[in-house]
Amino acid sequence: MEWHIKCDPEDISRYVFCPGDQARARRIADQMDNAGLVTDSRGYVVYSGMYKDVFMTVCGTGMGGPTVAIALEELAHMGADTFIRVGSCGVFQEGQKPGDVIIASGTVRQGGTANGYLPLAYPAVPTYAVLRALVDAAETAETPYTVGVGIAGDGFYAPRDPQVVEMIQSAGVVSVEMESDTLFIVGAYRGWRTGALYSSDGAPGEIKPEWGEDAFRRGELDAIQIGLEGMLRIATADGAH
């Protein structure tokens, strides 16, 4: 029995979605057949069900690197080896708006948890096969998307140096959130497959403006569908479908 995610390993798939938001975990599970609650323990909400005949699991991890790392480690102890984060993010570039779908090609490391696994110089990038599957799923769905480098850190309300923000914008960084750096680094260290995509929750400099909430939810649903279809492509390539 794991310390935090207390359940039977047979209830956990090798294919796992790991959103930070527990409510989003439920919304992902709602797209599955016969999905049921596996456990709700220490802030981790886990569902498992079938998506087009493939057994999949969803774990709402909560916010930040430490909770994500614990979830990955304990789920992997129970057989998981492929993790896709379906999250939300802020944005930096002019023209980005609420509900835009962003698929991560890498993450600037500003969080602390991943430093316990690999040195800061090691890049935080997704597994290429997972990135490719997500892009292919978006293309098939004809859903507009952006592939780009984001940034992830621990201090949601930390002061922002305007010069650093300007540099980030100039470098073309497209997203900011709190988990992908840990996801990618822990996955690389342990040999697990990882990927991440997000729905933008605002425009540059804004966080979830009221006028954008409906757009954000539409983007969230788009990201969920892309994630599910991307995972299905991975499972099919594995011979699980």
One thing to verify: whether D222 and R218 come together as a salt bridge, which I'm taking to mean a side-chain N less than 4.0 angstrom from a carboxylate O.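 A salt bridge is absent here (no side-chain N lies under 4.0 Å from a carboxylate O).
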Quick one: do D181 and R109 make a salt bridge, cutoff under 4.0 Å?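 Salt bridge between D181 and R109, a charged N being under 4.0 Å from a carboxylate O: no.
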Among V54, V130, L134, T127, exactly one meets side chain to side chain contact (heavy atoms under 4.5 Å, CB included) together with I234. Which residue is that? V130
What's the verdict on side chain to side chain donor-acceptor pair (under 3.5 Å) for T57 and S48, showing C-alpha distance, side-chain angles and the deciding distance? CA-CA 4 Å; T57 291; S48 287; 2.7 Å; yes
Quick one: closest heavy-atom pair of [X] and [Y], and the distance?
{"X": "C59", "Y": "A71", "value": "SG-CB, 4.3 Å"}
{"X": "F92", "Y": "S175", "value": "CE1-O, 3.6 Å"}
{"X": "Y15", "Y": "A235", "value": "OH-CA, 3.5 Å"}
{"X": "I84", "Y": "G227", "value": "CD1-O, 4.2 Å"}
{"X": "I28", "Y": "I224", "value": "CG1-CG1, 3.7 Å"}
{"X": "Q93", "Y": "V173", "value": "NE2-O, 2.8 Å"}

Is there a path from M50 to M56 through hydrophobic residues (I, L, V, M, F, W, Y) whose side chains come within less than 4.5 Å of each other?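 The answer is no; the residues belong to distinct hydrophobic clusters.
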Apply side chain to side chain contact (heavy atoms under 4.5 Å, CB included) to the pair L228 and M231, showing each step before the final yes or no. CA-CA 5 Å; L228 286 163; M231 192 74 89; 5.9 Å; no
Qualifying residues under ring pair (Phe, Tyr, Trp, His ring centres under 6.0 Å), relative to F83, sequence neighbours excluded: W192
Derivation of the side chain to side chain contact (heavy atoms under 4.5 Å, CB included) call for E229 and Y51: CA-CA 9 Å; E229 287 295 321; Y51 183 74; 2.4 Å; yes
From L131 CG over to T194 OG1, what is the distance, rounded to the nearest 0.5 angstrom?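 It is 10.0 Å, given to the nearest 0.5 Å.
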Within 45° of the six-membered ring axis of Y47 and under 6.0 Å from that ring's centre, is NZ or CZ of R26 located there?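 Satisfied, under 6.0 Å and within 45°.
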Whether the S180 and T107 side chains hold a donor-acceptor pair (N or O, under 3.5 Å, no angle test) is what I'd like checked.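 Checked: S180/T107 side chains pair up, N/O donor to acceptor below 3.5 Å.
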So does I5 get a backbone contact from the side chain of T39, meaning a donor-acceptor N/O pair under 3.5 Å? no
Sorted by chain and number, sequence neighbours left out, salt bridge (charged side-chain N to carboxylate O under 4.0 Å, His left out) with E220 holds for R24, R27, R217
